[in-house]
Every structure is written in structure tokens, then in C-alpha cells.
Undergrad: 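Okay, here's the structure, questions in a sec.
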Amino acid sequence: MALLKKVNQILLLLLVLTVCAILYRKVHQVPLALRNETVDLENPEEMEEEIPVVICAAAGRMGAAVAAISSIYSNTEANVLFYIIGLKTTIPHIRKWIENSKLKEIKFKVVEFNPMVLKGKIRQDASRPELLQPLNFVRFYLPLLIQKHEKVIYLDDDVIVQGDIQELYNTKLAPGHAAAFSDDCDLPSTHEMVRSVGMQNTYMGFLDYRKQAIRDLGISPSTCSFNPGVIVGNMTEWKHQWITQQLEKWMRRNVEENLYSSTLGGGVATSPMLIVFHGKYSSINPMWHIRHLGWSPDARYSEHFLQEAKLLHWNGRYKPWDYPSVHTDLWENWFIPDPSGKFKLTRPDS
């Protein structure tokens, strides 16, 4: 009996203490916003939308990727996540370059591209062997490499960005469009450059219209082409429309039938994209893809025009890290020397 009485007393005491604790908290409660303690909320930077930017880091031209990344990072306050795509042999080099330079503050992921996915899909072509490098086809496989993002920017490595990448990311894609590109006929200011160096800006320059398979597409040879060196992509639409599989189909057909080659428009990666995306893509602001800077060592744009451009692209043979080339000063502004000393610029006095 005495034991039961003692247990009841202890329970009563605990009840009294619990009530007192509740009353104390109600009386002394401080508004959450005034408490000097850590609040379990997302960091504002983490809440900001992430902008994924895909750039390849290829052996022999890794400095190009570094300059492109440097220019993007220096010209935006946006929350950019760089996806740097490389082959197994090149990944350690680019990682050390970034981690041992002023780019160590960037957010980035290094992704290995397996060239075996291209087996049986690339026709050997000796005229421009650099265009057959595996990383040139990374853009075909974006949803497989970048899986958690709805919208993605892909950039060729031979570009520099002078505008805020947020503006490019804000490019509107029409319903049902998996990508946005820049038309080769969209900017009158570039037409003189195109004519002066004899470049092609129509489908005839990329596809062999002597082949029945090309004529059966029903695409006029005078249709304006586009350049896939700058892409704003919708990964959901890309997967829904089986874009990667369609591109692979035309790669295989080219191996069998030689439907296009680098002797034409200068890009074996461009031609299948022109076929698959014909009439089904949105447009990028022309100032976000000023190209052809690498087509001639002599032809130049006006300095004023280049200063207004948001993105410059040295597509063609004459790259700004090599010699000869044009407008190299604009590119070199963003180049960061290789801490290992392996990559060196080629200059007349070097």
C-alpha cells in the first residue's frame, strides 16, 4: 500500500512539473524571427534556380574549356553549375587545372563520356579528323549525361561569353520544341562575313542532295541551316521525342550511305541535327551566337560589333589558342594558364 502511495506521489510530481514547463514556454516564447538560433530553412542560394552549363574538355584544347568557363563565371551572378565532360584520360588534368586556379570557386561536376556508345555510328573521314573526336557528339546524349535538370545549356568549347548566362538560359522554347538554336541566316551583320569566306548557310552545304535518302526528306536545299554549337535544351521533350535515338539512326545511315561529310558544311555532328530538328526548334537571340570567327585568319568583324555581342564562337579551323587566328585578344582576356604547364598558347613569338 505504501509503495502504491509513493508511486502516485511521483506521478503527481511529474505531472506538476510538466504543466509548469508548458506554462513557462507559453509565457516566455520568443517569435521565431527574433531568436538567436539556426533556423532549419533552405539556404537562399540553394533555393535559387540552378543553371546547368555543359562544356567538353578535350585533350589538346583543354584551354578552350577553361576560357569559356572563366568568361561565363566572370559575367554572371547566377547560380551556375558547370558539367565538364571529358574522356577518362583527360579528366584528371581538367580537374587539377580548375582546383589550382582562380576557378576553384566554381560549382562543377566532371562527367566521363564513354566513346563506346559511338561504335559503328561514325564514318571515318580524313578531311577534318578533329570533327570525328568522340566529345564532338556529346550534345547528342545530353539527357543521359545530365539527368536531374529540365533545362540545359550546351556550349562548344571554342566560345567565350560576354553577357550574363542567365539571359541565354531564359530563352523561351515553344511547346513541343526540344531545343533552341541560332539560325545561320538570322543576323544581317554576319552575312558579309559568310560571303567573304565562302561559307554555307543552307542545308545544301551540309547534306548530299544527290542521295535519294536526303531528297526523300522533302527539305528544300535552300533552307537556312542552324549552328548547334550553342543549344538551350528541354530534356523532357528531348527524351519524349527520342531525339538521341533519331540522331543515332542518321549516324548509322551515314556510315552505310555517306549522306553527309566534313567536306561539306564542316561538321559531321551538325548534319544529323539539321535533319532531326528541321522545323521543330526555337530560336536563340542572334547576339547570343556570333560565330564564324574561326573560318579565316584574315576576315574580321568590327570591334564595335564584337563588343555588343553576348557570345563569340570561333567555329572553323582557326582557333584563338592557335596561330594564325583573329580576335585572339577577346578570347585571351578569359584564358587562365595551365598550372601544370602542359597546355600552351601558340603565338607568332612563341
Side-chain angles (χ1 to χ4, degrees), residues 42 45-56 68-69 72 76 78-86 106-114 116-118 121 134-157 159 161 163-183 186 217 219 225-252 267 269-286 288-289 310-311:
E42 285 187 275
E45 185 178 357
E46 292 175 350
M47 295 173 67
E48 184 183 359
E49 185 174 11
E50 218 167 40
I51 298 179
V53 177
V54 179
I55 297 179
C56 294
I69 292 168
I72 295 166
T76 188
N79 182 22
V80 179
L81 174 59
F82 292 97
Y83 282 88
I84 302 170
I85 316 297
I106 70 171
K107 290 170 58 179
F108 74 100
K109 293 182 180 180
V110 177
V111 180
E112 180 183 344
F113 182 69
N114 184 355
M116 290 304 295
V117 301
L118 301 172
K121 302 183 184 81
L135 294 181
N136 201 29
F137 300 91
V138 160
R139 71 198 87 193
F140 290 10
Y141 298 94
L142 291 177
L144 303 179
L145 297 166
I146 316 300
Q147 297 180 357
K148 74 169 190 172
H149 300 282
E150 168 80 12
K151 196 174 186 181
V152 170
I153 293 174
Y154 167 88
L155 300 177
D156 275 355
D157 60 356
V159 308
V161 173
D164 187 338
I165 199 72
Q166 179 76 58
E167 185 180 331
L168 179 61
Y169 185 74
N170 290 343
T171 298
K172 301 293 185 185
L173 274 68
H177 286 178
F181 306 101
S182 188
D183 283 321
D186 58 10
L217 291 170
I219 302 173
S225 55
F226 60 79
N227 186 298
V230 177
I231 304 171
V232 180
N234 180 320
M235 297 299 95
T236 299
E237 280 295 336
W238 193 293
K239 289 181 284 190
H240 178 70
Q241 297 179 32
W242 297 80
I243 297 295
T244 297
Q245 290 79 358
Q246 291 188 63
L247 292 167
E248 288 184 324
K249 180 189 80 172
W250 284 102
M251 292 170 75
R252 291 191 190 94
T270 299
S271 300
M273 297 195 84
L274 290 176
I275 295 171
V276 171
F277 283 100
H278 174 253
K280 296 181 290 186
Y281 66 91
S282 298
S283 296
I284 290 172
N285 181 334
W288 268 100
H289 196 178
K310 304 288 189 178
L311 182 148

Undergrad: I want to check something: taking the side chain as every heavy atom from C-beta on, are Pro272 and Phe140 in contact at a cut-off of under 4.5 Å?
TA: yes
Undergrad: Quick one: which residue pairs count as a salt bridge (Lys or Arg N to Asp or Glu O under 4.0 Å) with a foot in residues 226-247, not counting sequence neighbours?
TA: none
Undergrad: Can you name the nearest heavy-atom pair linking Ala68 to Asp157, along with the distance?
TA: CB-O, 3.9 Å
Undergrad: Going by the salt bridge (Lys or Arg N to Asp or Glu O under 4.0 Å) test, which pairs reach into residues 139-152, not counting sequence neighbours?
TA: Glu50-Lys148, Arg139-Asp156
Undergrad: For Gly233 and Leu173, which heavy atoms make the closest approach, and how far apart are they?
TA: C-CD2, 4.3 Å
Undergrad: Using atom types as modelled and distance alone, determine if a side-chain donor or acceptor of His289 lies under 3.5 Å from a backbone N or O of Ser182.
TA: no
Undergrad: Please determine whether side-chain contact (heavy atoms from CB on, under 4.5 Å) holds for the pair Tyr141 and Val117, giving the CA-CA distance in whole Å, both sets of side-chain angles, and the decisive distance to 0.1 Å.
TA: CA-CA 10 Å; Tyr141 298 94; Val117 301; 4.1 Å; yes
Undergrad: Nearest 0.5 Å, please: how far is CD1 in Ile275 from NZ in Lys249?
TA: 8.5 Å
Undergrad: Can you see which heavy atom on Phe277 is nearest to which on Ala178, and at what distance?
TA: CE2-CB, 4.1 Å
Undergrad: side-chain contact (heavy atoms from CB on, under 4.5 Å), that's the test. Do Met251 and Leu118 meet it? Break it down for me.
TA: CA-CA 9 Å; Met251 292 170 75; Leu118 301 172; 4.0 Å; yes
Undergrad: Centroid separation under 6.0 Å, is that true for the rings of Trp288 and Tyr169?
TA: no
Undergrad: So does Trp238 get a backbone contact from the side chain of Gln241, meaning a donor-acceptor N/O pair under 3.5 Å?
TA: no
Undergrad: For Lys172, enumerate each residue passing the salt bridge (Lys or Arg N to Asp or Glu O under 4.0 Å) test, keeping only those at least two apart in sequence or located in another chain.
TA: none
Undergrad: Do you know which two heavy atoms are closest between Met235 and Leu142, and how far apart they sit?
TA: SD-CB, 3.8 Å
Undergrad: After noting the C-alpha distance and the side-chain angles of Ile72 and Leu155, does the key distance pass the side-chain contact (heavy atoms from CB on, under 4.5 Å) rule?
TA: CA-CA 11 Å; Ile72 295 166; Leu155 300 177; 3.6 Å; yes
Undergrad: Provide the closest heavy-atom pair for Glu112 versus Leu145 in the form atom of the first, atom of the second, distance.
TA: O-CD2, 4.3 Å
Undergrad: Examine distances only and state if a side-chain atom of Thr76 and a backbone atom of Asp164 form a donor-acceptor pair shorter than 3.5 Å.
TA: no
Undergrad: Tell me, do Ile231 and Phe181 make a side-chain contact under 4.5 Å, heavy atoms counted?
TA: yes
Undergrad: Please report the shortest heavy-atom distance between Tyr154 and Pro228, naming the atom on each side.
TA: CE2-O, 3.8 Å
